[in-house]
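Please read these numbers as outputs of a predicted model, since none were measured by experiment. Nothing fancy with the numbering, it's 1 onward along the sequence.
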Amino acid sequence: MRYTAIALDYDGTIAHDGVVPPHVVDGLTRLRQTGRKLLLVTGRELEELLGIFPEIAVFDRVVAENGALLYRPDSGERKELGEPPPDELIDSLHASGIPLSVGHTIIATVRPHETTVLEAIANLGLEQQVIFNKGAVMILPPGVNKASGLKYALAELGLSPRNVVAAGDGENDHALLEMAEYSAATANAIDTLKAAADYVTRETHGDGVLEVVAGLIESDLAGMPPKRPRRVLCIGKDTEGRDVLLPTAHGSVLITGEPAATADLTTALLNRLCRTGYQFCALDTRAAYVDFKPAVVFGSSSNAPAVAEVLTALGKPDVQTVVCLAAVGAAERPRFVEKLLLPLRELRETAGRPHWIIVDEAHELLPASARPDDSPASGAENTIYVAADPMALAPGVLATVEGIVACGEQAPAMIDAFAAAAAWKRPALPTATGRRDQALVWFRRSERPVSLIEVSRMKAELPSAKPERREKSAEVGQVLRRA
């Protein structure tokens, strides 16, 4: 399951004229029964919301006051996520005579009184921000919005924004939709939100949301692809300066060629995964990635990693992991990988993470000698296999690979050999190939021809390793073991 949660606005999205129809509540209940989490993210004050929405318990978390207040429906607990509004601002706005509502953190009025609000903030020398939502005018502390509130709620639930679907209709929903992995605007939404969304519903309000709910239940949104790619993973630029992109879902890739080039390319891809918020787990036999700064490293050249510790770490959506197998004997590595990959893929079914798995020296860890029904790679998605000898890979791996990146002088020959082994039709290759710092990229289901990229450009973006990296990894590992 890729999408494990949905975050929804209230007014204009699930509610029409302040009321959520019973059939919309029924649809949300069905979605929750699939194991997904439901979050309500609204600009309304909580007390007002509780008075008009008795079915609020269908949601696992409620973010009210446009990101400033968290509510847990199951326990009734509340947590303020922003500072109380300044007394001097409240007094000034009351004195001006404009209509005003004051919450735990939010101050709200309506158009056309935004000029009065802005003048009061300026005259008092405050740093409050003003957010609009159709006719509403909301005053909040700096940095508080629907995205900041959603981020806190997701962290409480152990969820990643890269597994979240969001839907809204107004100006203040832009931050919410941008944070999510997949976004929907209802048919009654403002034009700018429709233009930014991945999907615009056919129906308005809650009926439009039910279109997204049905797509999640039926196919995990496979039948509702986004209008345009988001958070693309760029492998490199071709000779004409165009980005060559890695598929963000349902595709596995083989990287092969000279070890130095494949290590540089893979490390650059790990860096880009971190930048876009995708969690990864890298299996590292050569200790090639143990100095990758953003990751927590398990195992070393003298100590074998523990599967349980790796899985505990991956339970935290913002933790990246490198599993160093240097201390695991060559004969024992395939069995270790099987013990790890099977629960990793079970974790993907429930949590949608890790988003990517990287298998270094895959021809050793997933060898051709493995029986097809024993291979944990069968049916794998979003996996990067790094292999000096791809022909030695298990048949189950070859069957799942959707693309190949061949590095170095032998790249054309490797493309030809792999096409024959995988029973792919041999592609036409660029005429200028064969340099050590180049790579050929080919995705068999793409209409784009084989691309030629410069590996040196990828290497240039790599962060320099710091001496304290290993110490920091050990410290984080200790914390995870205590968790």
Side-chain angles (χ1 to χ4, degrees), residues 2-3 143 145 147-148 150-152 154-155 159-164 166 174-183 196 198 226 228-238 241-253 255 261-284 288-297 313-314 316-323 348 351-360 381-384 386 403 405 439 441 451 453-466 468-469 472-473 476:
R2 181 182 184 189
Y3 299 111
N145 57 27
S148 67
L150 175 63
K151 182 178 181 180
Y152 191 95
L154 292 176
L159 300 173
S160 166
R162 299 286 72 78
N163 298 104
V164 174
H174 275 287
L176 174 66
L177 269 60
E178 175 59 29
M179 185 180 184
E181 183 70 359
Y182 183 99
S183 61
D198 296 316
R228 64 186 69 87
R230 296 180 70 196
R231 296 182 181 88
V232 294
L233 301 172
C234 181
I235 300 176
K237 292 185 180 295
D238 63 16
R242 298 173 301 183
D243 288 342
V244 180
L245 306 178
L246 201 67
T248 55
H250 309 299
S252 293
V253 180
I255 298 178
T262 60
D264 288 342
L265 186 61
T266 304
T267 305
L269 288 175
L270 297 185
N271 194 41
R272 294 185 179 186
L273 288 172
C274 291
R275 290 179 184 177
T276 48
Y278 292 109
Q279 186 184 55
F280 69 77
C281 178
L283 308 186
D284 182 11
Y289 314 113
V290 293
D291 289 318
F292 184 69
K293 292 188 295 182
V296 178
V297 179
L314 290 172
K316 304 176 186 301
D318 57 346
V319 173
Q320 313 287 359
T321 60
V322 169
V323 184
R348 278 181 163 183
R353 304 189 321 269
H355 303 109
W356 283 88
I357 297 172
I358 295 86
V359 184
D360 190 43
E381 294 180 350
N382 284 30
T383 303
I384 297 173
V386 185
V405 183
V441 183
S451 300
I453 67 171
E454 302 288 335
V455 176
S456 57
R457 292 186 184 181
M458 293 288 287
K459 184 177 180 179
E461 75 171 34
L462 300 182
S464 58
K466 294 183 178 180
E468 66 268 24
R469 173 66 227 153
K472 183 63 176 177
S473 296
V476 176

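Not counting sequence neighbours, Asn145 has no partner by the side-chain hydrogen bond (donor to acceptor under 3.5 Å, both in side chains) test. Every side-chain contact (heavy atoms from CB on, under 4.5 Å) that Ala439 has, sequence neighbours left out, goes to Val405, Cys407, Ile453, Val455. With sequence neighbours left out, the side-chain contact (heavy atoms from CB on, under 4.5 Å) criterion links Leu245 to Val232, Cys234, Asp243. With sequence neighbours left out, Arg353 forms a salt bridge (charged side-chain N to carboxylate O under 4.0 Å, His left out) with no residue at all. Residues satisfying the side-chain hydrogen bond (donor to acceptor under 3.5 Å, both in side chains) test with Asp284, not counting sequence neighbours, are none. In this view, Tyr3 and Tyr182 satisfy the ring-ring contact (aromatic ring centres under 6.0 Å, His included) rule, not counting sequence neighbours.
Between the CG atom of Leu270 and the NZ atom of Lys293 there is a distance of 13.5 Å, given to the nearest 0.5 Å. The distance from atom CZ of Arg348 to atom CZ of Arg2, rounded to the nearest 0.5 Å, is 11.0 Å. Rounding to the nearest 0.5 angstrom, the gap separating the CZ atom in Phe280 from the CD1 atom in Ile357 is 12.0 Å. Between Thr276 atom OG1 and Arg230 atom CZ the span is 12.0 Å, to the nearest 0.5 Å. Taken to the nearest 0.5 Å, the CG atom of Leu246 stands 10.5 Å off from the CZ atom of Arg272. The distance from atom CD of Gln279 to atom SG of Cys274, rounded to the nearest 0.5 Å, is 10.0 Å.
Side-chain contact check for Asp198 versus Leu177: every heavy-atom pair is 4.5 Å or farther apart.
What you find for Leu154 and Ser160 is that their closest heavy atoms are CD1-C, 4.4 Å. The nearest pair of heavy atoms linking Thr266 to Thr262 is OG1-O, 2.7 Å. Between Tyr289 and Asp360, the closest heavy-atom pair is OH-OD1, 3.7 Å. In this structure, Val323 and Cys281 approach most closely via the heavy-atom pair CG2-SG, 3.9 Å.
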*Please lay out, stage by stage, how Phe292 and Asn271 fare under the test side-chain contact (heavy atoms from CB on, under 4.5 Å).*
CA-CA 8 Å; Phe292 184 69; Asn271 194 41; 4.1 Å; yes
*Step by step, would you call Glu181 with Tyr278 a side-chain contact (heavy atoms from CB on, under 4.5 Å)?*
CA-CA 10 Å; Glu181 183 70 359; Tyr278 292 109; 2.6 Å; yes
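Applying side chain to side chain contact (heavy atoms under 4.5 Å, CB included) to Leu269 and the options Ile358, Leu233, Ile255 leaves one that passes, Ile255.
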